[in-house]
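Numbering of residues begins at 1 and proceeds along the displayed sequence.
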Amino acid sequence: MSDTDELPVAGTVVLLRAGAVGVEVLLIRRPDRGSFAAAWVFPGGKVETGDRSPGADEQDDARLAAARETSEEVGLSITGPMPALSRWQPPREAPVRIRTWFFLAEAPDRPLSPSPGEVADVAWVTPAEALRRHAAGEWMLYPPTWMTLHGLSRFASARDAFDAAGTAEMFATRIERTEAGTVFAWGALRLETGALPWRLVDTDRSG
């Protein structure tokens, strides 16, 4: 598996807004069927033919797909900048492999209009609160979502998160099976998911 794998590509948007106790993100719960069934995710979806432009690269295509899907899923049209936050290369064991780009965006100041066929519930929450609900067994999260929330939890404001955004961080996921459960690994980072709460270990620091 390499960064040049020919895979379908998707884009997802991490929408940020100022909340009463800090920066909030928009998470949507998928219906109890289909892709990411019952999981809480950021809005987004696969790149379609209409998202591709002559001369555009994969990141540009994914950015357009992410904005389009956000409009379709929750009725929000993104007009501001969408810096790339990360790119996630799926593990070779994944039954469906899609390379996904995550983008940051400022949430438009307008009500949500969730698509009934694609969105079962919505929530504006701080990253820390989303992680708490997952740790308590109340929410289902996938590792890229968990890692993104973990990274955002250190920011006091949306502006701080945007100021820190630069070159997209590349994550090539490896899966390790251990006696304690499944570990998702990216370089020196290891996310231990055998029990709640999940535990992130940086082996460069812990060693």
Side-chain angles (χ1 to χ4, degrees), residues 9-30 36 39-47 51 58-88 99-115 118-136 138-171 186 189 191 197-198 200:
V9 175
T12 192
V13 180
V14 183
L15 286 164
L16 306 178
R17 75 174 189 183
V21 293
V23 63
E24 294 180 336
V25 298
L26 176 64
L27 287 163
I28 63 176
R29 184 168 63 82
R30 293 297 186 194
F36 305 104
W40 287 86
V41 300
F42 301 110
K46 289 174 62 175
V47 171
D51 302 317
E58 179 180 293
Q59 184 183 135
D60 291 333
D61 294 343
R63 184 179 285 105
L64 285 176
R68 173 184 53 76
E69 288 281 351
T70 299
S71 177
E72 293 174 0
E73 291 179 344
V74 296
L76 295 181
S77 297
I78 301 169
T79 58
M82 291 174 57
L85 182 64
S86 56
R87 189 194 72 178
W88 296 83
R99 183 164 50 245
T100 304
W101 291 82
F102 282 49
F103 302 93
L104 286 179
E106 184 177 355
D109 185 15
R110 57 171 295 176
L112 300 176
S113 179
S115 170
E118 298 181 276
V119 180
D121 199 0
V122 298
W124 283 104
V125 294
T126 64
E129 174 60 16
L131 293 173
R132 186 203 66 76
R133 294 182 189 185
H134 175 263
E138 299 170 11
W139 279 13
M140 180 192 303
L141 298 175
Y142 278 79
T145 307
W146 192 99
M147 290 287 291
T148 301
L149 291 166
H150 182 271
L152 291 172
S153 64
R154 71 182 189 272
F155 297 116
S157 68
R159 178 47 50 197
D160 290 343
F162 274 99
D163 288 346
T167 303
E169 191 170 0
M170 304 298 179
F171 292 87
W186 308 274
L189 296 177
L191 181 60
W198 289 358
L200 182 63

Do the charged groups of K46 and E69 touch, with an N to O distance under 4.0 Å?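 Salt bridge flag = no for E69 with K46.
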
N-O pairing of R159 and E106 below 4.0 Å: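 Here R159 does not pair with E106 in a salt bridge, since their nearest N and O are not under 4.0 Å apart.
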
Just wondering, do [Y] and [X] contact through their side chains at under 4.5 Å, heavy atoms?
X: M140; Y: H134; answer: no
X: L16; Y: V25; answer: yes
X: L112; Y: L26; answer: yes
X: W198; Y: L131; answer: no

Just by modelled atom types, is the [Y] backbone N or O under 3.5 Å from a matching donor or acceptor in the [X] side chain?
X: R133; Y: A130; answer: no
X: T12; Y: P43; answer: yes
X: R63; Y: M82; answer: yes
X: R29; Y: V122; answer: no

If I compare all heavy atoms of [X] with all of [Y], which pair ends up nearest, and what's the gap?
X: A10; Y: A62; result: O-CB, 3.7 Å
X: F171; Y: L189; result: CE2-CD1, 4.5 Å
X: P81; Y: F162; result: O-CE2, 4.4 Å
X: F103; Y: G11; result: CE1-CA, 4.4 Å
X: V119; Y: E73; result: CG2-O, 3.5 Å
X: Q59; Y: A84; result: OE1-CB, 3.5 Å

Output side-chain donor-acceptor pairs under 3.5 Å for residues 141-149, partner residues at least two apart or in another chain, one line each.
from: T148; atom 1: OG1; to: P144; atom 2: O; distance (Å): 2.8

Rounded at 0.5 Å granularity, tell me how far [atom1] in [X] sits from [atom2] in [Y].
X: L15; Y: I78; atom1: CG; atom2: CD1; answer: 5.0 Å
X: D121; Y: W40; atom1: CG; atom2: CH2; answer: 4.0 Å
X: R87; Y: W101; atom1: CZ; atom2: CH2; answer: 5.5 Å
X: E72; Y: S77; atom1: CD; atom2: OG; answer: 10.5 Å
X: L76; Y: D109; atom1: CG; atom2: CG; answer: 10.0 Å
X: T126; Y: L152; atom1: OG1; atom2: CG; answer: 11.0 Å

Flag if over 12 foreign heavy atoms under 6.0 Å of CG, D163: yes

